[in-house]
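What follows is a short report on a single structure.
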Amino acid sequence: METKYIFVTGGVVSSLGKGIISSSIARLLKARGYRVTIQKFDPYINIDPGTLNPYEHGECYVTVDGHEADLDLGHYERFTDIRTTRANNVTTGRIYQSVIDKERRGDYLGKTVQIVPHITDEIKRNVKALGHTGDYDFIITEIGGTVGDIESLPFIESVRQLRWELGDNCLCVHLTYVPYIAAAKELKTKPTQHSVKQLQEVGIQPDILVLRTEKHISPEMRRKIALFCNVSPDSVIQSIDVSTIYEVPVKMHEQHLDELILRKCGIPVEGEPDMKQWAQFLEKLHGATEEINIGLVGKYVELPDAYKSINESLLQASIYNDRRLKLHFIHSEKLTEADVEEKLSGMDGVIIAPGFGQRGIEGKFVALKWCREHDVPTFGICLGMQCMVIEFARNVLGLQDANSTEMDPSTPHNVIDLMDDQKSIHNMGGTMRLGAYECDLVPGSTPAKAYGSTRVSERHRHRFEFNSDYRERFEKAGMKCVGENPATHLVEIVEIPEKRWFVGTQYHPEYSSTVLNPNPLFLDFIKAAIKYNAEKAAK
Ligand code: GLN
């Protein structure tokens, strides 16, 4: 089968969930046995989102091959279990950088270098790069931004050209918004009509429209949209608000979106997608009534997307443990000795979030001291793990000014220090220790038991590390190094085994947790939280 290309564009407003729709299409096609991947083209000029503040762009996701990627790639992986790479996320910055490099090399042989054809050619080359591997039946390409933005024009123009080049192997899905006007008690189709017109103006006729809506869209209204937007009524799909994003593939299948795509690509529609396991997950999700209270201590509490993968991992792990996750965001900048009891005593487990820089760090120490002393299941991730180490050094080892050299370069006790190979690095972009590395686990430790293995591979994003000069002192006092990199012996996991569950990982287990394969460490953490909750109740 020739590779089919599905483009997903968005209109009217941003944040409609193009990533979720792309992921849902991929899930359904994969469940029908097709080989699928998803890529995202982002219109900003940053080379990658690695240098972006979470306030700008939410969480930075990391692929196994060490690319700092848009958080939508997290959705792609969580929905589909495919592993994305650097090739799955391209920005305008990367496109321009590559064109300018070629120009400097003289590759354009004296030609004037222009947006059309040079930038669009480079975009098209990147769109088709994964297709050329021969590994995929479907390549879904999500175009970031909204149709009509100046920034996304070259991408949209490339899609227009690709429709000619790819012919029947190309499909365009356009996601728009149908607002409900409460005063008129009416859904309004005009924004959709305008947005489709905008696409038509640049030469693209969408094949399928997906309409985000709060209310049910009537068949009559679908016919009206079809008429005005030049598509058939069965190509108008509604994406109504649902209680969980994981319902979306099911809702899309109910309206035959997967069949529609196959038919439009000239592929015979046979049987049904195998969504058995997915349905079981949803059944558990809706069946879980008993709550589990987890506190997430971090400085970006007002940003729901800043800890996206952690939130989703916790949710998945809770559902597999038949619990409804109640996540409490606890602002690390505001947490003090005076209110820590009040804020944490209702928690069944506490996560200490990853992060960079000094802001909010003291609150993390306050939380950690309280959790350690009250033996609350506690999970430190990346900076959270480093804070576990610092808090232990200060309050158990008595090294009062212990710190990470990230926060205090002249600390007398640099229990967390810059990694050697980071010392000569000055550029901030893409230079951290990134991507998946192997980790050996100490047999019998909590992580080894949780994973059911003594070697795992997880993803990283950091510059600082546990200072092994202090290892013996920590181990003697009860904080054990239970995971290390087999090649460099870098400490990847610490644990206080005498506690209920007190584990910190230098790596980010949240990046590998998916709906169908939840991360074992999160599963085990929630299990410990449930047990602790029961013990509290029995007292
Ligand atoms: N700031 C820390 C480091 O660079 C931790 C990074 C993180 O939490 N992702 O090592």
Among side-chain atoms of [X] and [Y], is any donor-acceptor pair under 3.5 angstrom?
| X | Y | value |
| --- | --- | --- |
| Glu458 | Thr505 | no |
| Asp81 | Asn517 | yes |
| Arg78 | Ser313 | no |
| Glu492 | His460 | yes |
| Asn89 | Thr84 | no |
| Ser232 | Ser235 | yes |
| Tyr246 | Glu312 | yes |
| His174 | Gln198 | no |

Polar side-chain atom of [X] near backbone of [Y] as donor-acceptor pair, under 3.5 Å:
| X | Y | value |
| --- | --- | --- |
| Thr91 | Ile47 | yes |
| Gln193 | Phe228 | no |
| Ser152 | Phe155 | no |
| Gln238 | Ile217 | yes |
| Tyr76 | Ile82 | no |
| Ser453 | Tyr451 | no |
| Ser98 | Arg94 | no |
| Arg32 | Glu270 | yes |

List the steps and the verdict of side-chain contact (heavy atoms from CB on, under 4.5 Å) for Thr189 and Leu211.
CA-CA 9 Å; Thr189 67; Leu211 313 172; over 6 Å; no

Would you give the length of the straight line joining atom [atom1] of [X] to atom [atom2] of [Y], rounded to the nearest 0.5 angstrom?
| X | Y | atom1 | atom2 | result |
| --- | --- | --- | --- | --- |
| Ser24 | Glu247 | OG | CD | 10.5 Å |
| Leu260 | Leu171 | CG | CG | 7.5 Å |
| Lys40 | Asp42 | NZ | CG | 4.5 Å |
| Phe41 | Ile123 | CZ | CD1 | 7.5 Å |
| Cys60 | Lys308 | SG | NZ | 15.5 Å |
| Asn311 | Leu327 | CG | CG | 5.5 Å |

Heavy atoms only: give me the nearest [X]-[Y] pair and the separation to one decimal.
| X | Y | result |
| --- | --- | --- |
| Ser512 | Asn519 | OG-ND2, 3.2 Å |
| Thr3 | Asn169 | O-CB, 3.6 Å |
| Ile143 | Lys18 | O-CE, 3.0 Å |
| Glu59 | Ser309 | OE2-OG, 2.6 Å |
| Gly144 | Pro43 | O-CG, 3.4 Å |
| Gln316 | Pro518 | CB-CB, 4.4 Å |

Is there a side-chain contact (heavy atoms from CB on, under 4.5 Å) between Thr85 and His67 once you walk through the steps?
CA-CA 7 Å; Thr85 65; His67 179 62; over 6 Å; no

What residue pairs, at least two apart or across chains, pass salt bridge (charged side-chain N to carboxylate O under 4.0 Å, His left out) with a residue in residues 152-178?
Lys124-Glu165, Lys128-Glu165, Glu157-Arg160, Arg163-Asp207

Does the side chain of [Y] come within less than 4.5 Å of [X]'s, by heavy atoms?
| X | Y | answer |
| --- | --- | --- |
| Met275 | His253 | no |
| Val127 | Phe7 | yes |
| Thr80 | Val36 | no |
| Cys382 | Gln506 | yes |
| Thr63 | Asn88 | no |
| Ile261 | Ile6 | yes |
| Ser239 | Met252 | yes |
| Ser22 | Phe79 | no |

Counting only heavy atoms not in Glu283, do more than 12 fall under 6.0 Å of its CD?
no

Hey, mind stepping through Arg222 and Asp234 against salt bridge (Lys or Arg N to Asp or Glu O under 4.0 Å) and telling me if it holds?
CA-CA 8 Å; Arg222 286 189 200 213; Asp234 70 346; over 6 Å; no

In plain terms, say whether [X] and [Y] are close enough for a salt bridge, that is, a side-chain N and a carboxylate O under 4.0 Å apart.
| X | Y | result |
| --- | --- | --- |
| Arg459 | Glu77 | yes |
| Arg323 | Glu290 | yes |
| Arg223 | Glu220 | no |
| Asp322 | Lys284 | yes |

Check against side-chain contact (heavy atoms from CB on, under 4.5 Å), Asn321 and Ile292:
CA-CA 10 Å; Asn321 277 296; Ile292 184 87; over 6 Å; no

Please name all residues satisfying salt bridge (Lys or Arg N to Asp or Glu O under 4.0 Å) with Arg500, sequence neighbours left out, ordered by chain then number.
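Counting only residues at least two positions away or on another chain, Arg500 forms a salt bridge (Lys or Arg N to Asp or Glu O under 4.0 Å) with Asp375, Glu535.
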
Verify the ring-centre separation between Tyr300 and Phe329: is it less than 6.0 angstrom?
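No - the distance between ring centres of Phe329 and Tyr300 does not fall below the 6.0 Å cut-off.
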
Which one of Tyr532, Tyr320, Phe379 satisfies the ring-ring contact (aromatic ring centres under 6.0 Å, His included) criterion with Phe525?
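Exactly one option meets the ring-ring contact (aromatic ring centres under 6.0 Å, His included) with Phe525, and it is Phe379.
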
Dump the intermediate steps for side-chain contact (heavy atoms from CB on, under 4.5 Å) on Glu151 and Thr92, then the final yes or no.
CA-CA 8 Å; Glu151 282 87 353; Thr92 292; 5.8 Å; no

Going by side-chain hydrogen bond (donor to acceptor under 3.5 Å, both in side chains), name the residues that satisfy it together with Asp274, two or more places apart in sequence or in a different chain.
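Here no residue qualifies.
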
